[in-house]
Number of protein chains: 2
Amino acid sequence: MNVLVLGSGNIGSVAAEDLANSKSSIEVVIADNDEEKARTVAENIGAKNLSSMKIDVTKRNRLIETLKQFDLAMGFLPGDLGHLLAEACVEAHRDLVDVSFGPENIMELNVAACKAGSTIVPDCGLAPGISNVLIGQSVSKLDRVKKVHAMVGGLPEKPVPPLNYVITWSPDSLIDEYTRKARIIRNGQMVEVDALTGIEELMFPELGRLEAFYTDGLRTLLYTLRDVEEMWEKTLRYLGHAEKINTLRALGFFDDKKITADNASIEPRKFTAKILQRALSDPKQRDVVALRTEVSGTKNNKQVTYSYDMLDFQDSKRNITAMARTTAYPASIVAQLILNGKIEEKGVVPPEKIGMKTETFGLFMQELKKRGIDIKEKHSEGNQIGQSRIR
Amino acid sequence: MNVLVLGSGNIGSVAAEDLANSKSSIEVVIADNDEEKARTVAENIGAKNLSSMKIDVTKRNRLIETLKQFDLAMGFLPGDLGHLLAEACVEAHRDLVDVSFGPENIMELNVAACKAGSTIVPDCGLAPGISNVLIGQSVSKLDRVKKVHAMVGGLPEKPVPPLNYVITWSPDSLIDEYTRKARIIRNGQMVEVDALTGIEELMFPELGRLEAFYTDGLRTLLYTLRDVEEMWEKTLRYLGHAEKINTLRALGFFDDKKITADNASIEPRKFTAKILQRALSDPKQRDVVALRTEVSGTKNNKQVTYSYDMLDFQDSKRNITAMARTTAYPASIVAQLILNGKIEEKGVVPPEKIGMKTETFGLFMQELKKRGIDIKEKHSEGNQIGQSRIR
């Protein structure tokens, strides 16, 4: 069996290493448009069954020919390239596990993927990703689902002034997340709300008081879970972050339209991205990832709530951030479940579907635990969620 | 008698009108580098004893010759031109009442002004200005002065999000005020502290809870009041303003050093000035000016505190802001006191000296009251100040 890992950044390299180490009979090739970067990553990992190659995913025909030489592909590409890869995998009749965060609705590829016999698992990282698996499991236990909540955040271990946040990804993507409308379900209807609204405070074990606010992250759940009264994703931050970001937004620092100052014309959001990059970067800060899912509904005519809490810390010994761990490992685990024949379903298979099946859910959780990612389950009778204080 | 008013902006035009209306025997000429602007202002005021002219204060010799044709000059120029005017007045042996806020130490002109027989009243606006007069009066009543506090703010009538503030002057000057070190007296020594620190909350009649923080505004008081234990000026804002401004500062939005983004290089503070200009301008908002001075010390071996509160509202009928009223009227009043022979002292005469003399203080307050600027005096035994909650 051989796997093509596309993208040799922080996440792709951790996934390639995990996959190569999982079974010596799996041949792994890590590919990047930057050939040198891919080679260096492969050399640093130093596994016998891992090599590297150059790839340009915008060269469609060559990409399809390359994919045909592999059993499965894993995508760790920028959001604007993810869909190209998914389409190419369908055309090559190959399976894909992907974590890219593109604007397209991946569900539209379902029929073509079924016909091609491809298994396409999109959004298979942290959130979307682990969150969907947990929500899928909770949903499968209920007769009727009423409310679905996902809360997730990548944070520094301690609040770091001035925004109590350290940037570990692209500041442009952060501004995107904070300005894109969030699609949520309210009273059974999909509505769009402003990001950074719906702020509530909650306690998170070991981290203390956090705040949560709407961001756009439900993605496939908007299509796979029907007849839900309420469903939203919120981003977790230390207290005070949202108000400060909202101040920047209200002042116009995230605007698109160029303004002229100091004899130069500049888009405020691009300027602000530079300012945030400089002010919020601190490689010495260790990161932590917090995730909570809550699903409530009825079972045997009783109100029940199933919730999961996950808290993951940076692997300082191996210098792998919590964000890389919790994004790369679920993708690697799901790829192995496909290769081992545990996931046989064809078409677009969002991670919530993996969570809905007892066997695959159990294997997924077991593999996460092996990698030190421990998720606590809690269930309670009565509708306990939705009681957080809304400001 | 004739007076040359230099600068035909919001403040200069209000002062010129007040002066022209005060006595028909005073001939007033309003002058500006923008001749058309000065003419329009004079025409709009429409007083028989008011005319206009062009002036370029950077042409030193011509400025001096012009000044010699007048009994007194009033300066409403940008900070970087104020000192030029003061020097020219001394050279022309003429009197000056000035409100410009320049970096120079005006006290250094004292000897030359005395020799020339000129009366130079600097900083004769709101604060410095009215605040100095009130502090001077309080100081004159004490045997020994311990603490001197001045708090002042130009605010919208109600807090206006996102910064609870509306900009009524140059955003560059606002950023200057917020980034320039504040010189204060602490334990009898002059020290520099960061602006926007020392935040305390206080109640202000009719406005409610405000916050106050250090800004650099003591100016001549640093030289005229000696042997004081503690002296500071703080700026008043609605609650929450300072924290948001401090966030912008901490993120680097007020930095001088250019950064490059969107193919353009730009100084963050200049970019931010544009953003603030756009986001905080709202001509429909009526303004209000709040001022409090507190001076405590001993009198007949008892602790005494003298304080003054002033709250002034926009003159909506005549469309004159509270800021223009409280800056232009003190200058016009002091100019009239000089013309009427009530202020005879030569040299640099800071407004606190006008406040220290019972007669000139009384006349000053009486004239402010005629213009609707009502200042409440309070005095109490025991050291009541310094009890505000410091965050």
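Put simply, of B:Ile275, B:Asn246, B:Thr247, the one with the most heavy-atom pairs under 4.5 Å next to chain A is B:Ile275. For the set B:Ala279, B:Pro162, B:Gly252, the entry with the most heavy-atom pairs within less than 4.5 Å of chain A is B:Pro162. Heavy-atom pairs under 4.5 Å with chain B peak, among A:Leu251, A:Leu248, A:Thr260, at A:Leu251.
Between the side chains of B:His149 and B:Glu230, a donor-acceptor pair is found at a separation under 3.5 Å.
If you measure heavy-atom distances from A:Arg278 to chain B, the contacts under 4.5 Å come from the side chain alone. Using a 4.5 Å cut-off between heavy atoms, A:Ile266 contacts chain B through both its backbone and its side chain. Residue B:Asn263: no heavy atom, backbone or side chain, is found under 4.5 Å from chain A.
Using a distance-only test at 3.5 Å, with no hydrogens or angles considered, no donor-acceptor pair links the side chain of B:Gln277 to the main chain of B:Ser170.
A salt bridge does not link A:Lys54 to A:Asp32: none of the charged side-chain nitrogens sits closer than 4.0 Å to a carboxylate oxygen. We find that B:Glu201 and B:Arg209 are joined by a salt bridge, their nearest charged nitrogen and carboxylate oxygen being less than 4.0 Å apart.
Applying the 6.0 Å contact sphere to NZ of A:Lys258 captures more than 12 heavy atoms from other residues, nucleotides or ligands.
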